[in-house]
Amino acid sequence: MMTLKTFIGGINPRNNKEMAKTTPIEIVLPGKELVYPLAGKYGTPAKAIVKVGDKVFAGQKIGRADGFFSVPVHASVSGIVRGIKKRAIFTGEQVKSIIIENDGLYDEIDYPSPIPLAEMANPDIINRIQDAGIIGMSGSGHPTHIKLSPQNPDKISHIIINGAECEPYITNDHHLMLSEPDRLIGGLKVLLKLFPYARGVIAIADDKTDCIDLLREKTVKEARISIKILKNKYPQGSGRQLISAVTGRFTSTAITAEAVGVILLNIDTVINIQRTVLTNKNLTSRIVTVAGNAIKGPRSFCVRLGTSYDTLIEAAGGYIKKPEQIISGGPMMGNALKETDIPVTKLSTAILLLTKDEVLKSNQTACINCLKCVSVCPERLLPQQLAVFAKHDDKASFIKHAGKECLECGCCSYICPAKLDLTEAIKSMKLPLMS
């Protein structure tokens with residue numbers, strides 16, 4: 001029997017993907033107001049290039065990139081700019097944003113005719129990807145053109161496309177692999193043009209047999225593309241774990257993916273690379289999973305950026321019961337929300353409306369030194385000890401015991417029989433050290 005690619009540690013939480021997996025992606029139109037934050041998770045914030053009262057069109061650049069480490073922002077609807085001010089996003093931060101009143105017409109800019117891929121120089125491809133506003137859309141948020149600009153491009157040996165999608169509930173990539181396989185493969189071919197000495201690997205968790213079968217069929221004659229089957233385990237989709245499973249190479253905060261000859265991108269990002277390079281379209285929409293036992297009709301939506309989370313909740317049928325917790329993203333690494341009148345951004349992978357049974361809150365007890373947190377840690381750290389260092393603000397010991405290598409994956413908190421929130425404690429000390 002073939003041994004599946006995987007990593008040491010990890011957990012197997014109930015994935016709850018059946019909620020949204022069985023219904024096709026639906027298109028949802030936004031409401032009257034759309035909000036476009038000018039800052040992303042990484043890089044320099046964009047600069048607004050419109051003013052209040054301006055008429056804009058779908059696909060129009062409304063925020064320009066402020067240097068190489070920045071990406072522009074584009075309107076996803078036609079309408080009138082009604083404000084440029086701070087608005088809340090899914091992290092809870094107040095971010096300077098452009099507010100557009102949707103006119104309901106969805107008039108689009110005239111995109112220039114695309115240049116055939118064979119006639120495009122590599123710098124032109126990189127510039128097009130930046131100009132379209134493409135970033136890592138699985139949660140990383142890194143500007144994609146920066147990832148595709150390594151110091152030694154000829155030393156890149158693997159371009160790995162992350163099809164693990166290991167977070168519970170989320171089904172975006174599963175849907176996209178089935179509905180957009182040709183765009184996915186086309187995007188990977190664009191990347192292989194940039195890196196002529198690399199092989200393309202689409203890495204898929206073994207629970208997605210329909211995706212595996214389809215993409216194997218589609219790539220059977222592609223000499224530089226292969227399908228790798230991974231063990232379905234969390235956090236298999238984490239960059240370090242995925243690179244280790246596919247290549248056997250080690251990465252860390254000090255050793256980047258680029259340093260070991262790997263570029264890692266997610267499914268949605270690669271499909272958008274194909275779309276922008278081959279059709280010149282800018283990034284104005286994404287797929288969002290809406291799921292949880294508190295929502296009437298869990299499913300995945302194709303939605304224009306800037307749309308309110310409230311619009312998606314309503315499109316999914318509204319609440320069956322009041323949620324115990326609302327999360328933007330997955331239950332393991334997502335952000336708990338205090339409000340839902342916030343905009344869909346390029347990093348909005350999911351909206352989870354969870355009941356009390358799904359949240360599984362319990363009273364904390366004392367640590368029993370069972371070491372279960374150690375056994376599941378993908379980085380082989382000592383989570384309980386790191387949490388103690390964080391509690392006592394012992395930065396020296398925290399650093400000495402490799403606290404900065406924590407993935408914040410949540411495995412330790414999930415497995416802890418004492419219900420200690422080890423991840424949150426570690427994160428509270430790690431973030432200031434990494435800034």
Side-chain angles (χ1 to χ4, degrees), residues 9-19 90-93 139 166-170 233-235 238 289-295 298 309 313 319-340 342 349-395 397-398 401-433:
I11 57 175
N12 291 282
R14 177 176 173 141
N15 66 32
N16 290 310
K17 292 180 183 287
E18 66 279 359
M19 287 186 177
F90 68 89
T91 61
E93 299 171 273
C166 58
E167 273 265 20
Y169 294 93
I170 303 177
K233 184 170 63 168
Y234 178 84
S238 169
T289 298
V290 180
N293 286 332
I295 197 76
Y309 278 29
I313 293 169
Y319 300 135
I320 297 174
K321 58 181 73 173
K322 183 179 179 181
E324 178 74 13
Q325 188 176 50
I326 303 176
I327 297 175
S328 180
M332 303 301 296
M333 297 186 72
N335 295 80
L337 299 179
K338 294 182 179 179
E339 59 179 312
T340 52
I342 57 174
T349 56
I351 308 168
L352 304 184
L353 300 309
L354 306 180
T355 62
K356 186 175 182 178
D357 290 342
E358 291 175 289
V359 175
L360 296 174
K361 288 184 177 179
S362 300
N363 293 327
Q364 294 184 358
T365 59
C367 172
I368 59 174
N369 296 312
C370 66
L371 299 182
K372 285 186 176 181
C373 60
V374 178
S375 69
V376 300
C377 178
E379 292 296 303
R380 318 312 292 157
L381 304 177
L382 303 172
Q384 192 275 337
Q385 191 64 62
L386 290 173
V388 171
F389 295 147
K391 181 180 178 180
H392 292 92
D393 197 30
D394 187 349
K395 294 183 178 66
S397 296
F398 185 88
H401 288 79
K404 292 197 289 186
E405 299 300 326
C406 173
L407 301 175
E408 303 170 27
C409 65
C411 288
C412 55
S413 295
Y414 181 90
I415 205 71
C416 178
K419 304 302 178 185
L420 300 176
D421 199 344
L422 303 172
T423 306
E424 187 60 32
I426 295 170
K427 186 176 179 180
S428 68
M429 173 155 281
K430 177 191 166 187
L431 289 182
L433 294 174

Practice problem: Could you please spell out the steps behind the side-chain contact (heavy atoms from CB on, under 4.5 Å) verdict for L337 and E339? | Solution: CA-CA 5 Å; L337 299 179; E339 59 179 312; over 6 Å; no
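- Scanning both residues, T365 and L420, for their nearest heavy atoms gives O-CD2, 3.4 Å.
- Side chains of T289 and M19 form no contact here, defined as non-hydrogen atoms less than 4.5 Å apart.
- In K17, the NZ atom is crowded: over 12 heavy atoms of neighbouring residues, nucleotides or ligands sit closer than 6.0 Å.
- Side-chain contact between I426 and F398: present, with at least one pair of heavy atoms (C-beta onward) separated by less than 4.5 Å.
- Judged by distance alone, with hydrogens and angles left aside, the side-chain atoms of E358 form a donor-acceptor pair with the main-chain N or O of N293 at under 3.5 Å.
- One finds the CE atom of M332 at 11.5 Å from the CD1 atom of I170 (value rounded to the nearest 0.5 Å).
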Name the atoms and distances for all side-chain donor-acceptor pairs under 3.5 Å in residues 405-412, with sequence neighbours left out.
from : atom 1 : to   : atom 2 : distance (Å)
E405 : OE1    : R240 : NH1    : 3.1
E405 : OE1    : R240 : NH2    : 3.4
E405 : OE1    : T253 : N      : 3.1
E405 : OE2    : T253 : OG1    : 2.3
E408 : OE2    : K430 : NZ     : 3.1

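- Using a 4.5 Å heavy-atom cutoff, the side chains of I313 and I295 are in contact.
- Taking both residues in full, the closest heavy atoms of P235 and G10 are given as CD-CA, 4.2 Å, listed atom of the first, atom of the second, then distance.
- Using a distance-only test at 3.5 Å, with no hydrogens or angles considered, no donor-acceptor pair links the side chain of S397 to the main chain of F389.
- Atom CD1 of residue I415 and atom CG of residue L371 lie 12.5 Å apart, to the nearest 0.5 angstrom.
- Shown here are the salt bridge (charged side-chain N to carboxylate O under 4.0 Å, His left out) partners of E424, two or more places apart in sequence or in another chain: there are none.
- Without hydrogens or angle criteria, K395 side chain to M429 main chain gives no donor-acceptor distance under 3.5 Å.
- Across P417 and I368, no two heavy atoms sit closer than the pair CG-CD1, 3.9 Å.
- Side chains of E324 and T355 form no contact here, defined as non-hydrogen atoms less than 4.5 Å apart.
- The NZ atom of K427 sits 7.5 Å away from atom CE of M333, with the distance rounded to the nearest 0.5 Å.
- No side-chain heavy atom of V376 sits less than 4.5 Å from a side-chain heavy atom of K372.
- No side-chain heavy atom of K233 sits under 4.5 Å from any side-chain heavy atom of C166.
- Distance check, rounded to the nearest 0.5 Å: CG of L422 to CG of L381 gives 12.0 Å.
- Atom CD of E167 and atom CG of N16 lie 11.5 Å apart (nearest 0.5 Å).
- Residues Y169 and I327 form no side-chain contact, since every pair of their non-hydrogen atoms from C-beta on lies 4.5 Å or further apart.
- Here the side chains of P378 and S238 are not in contact, with every heavy-atom distance at 4.5 Å or above.
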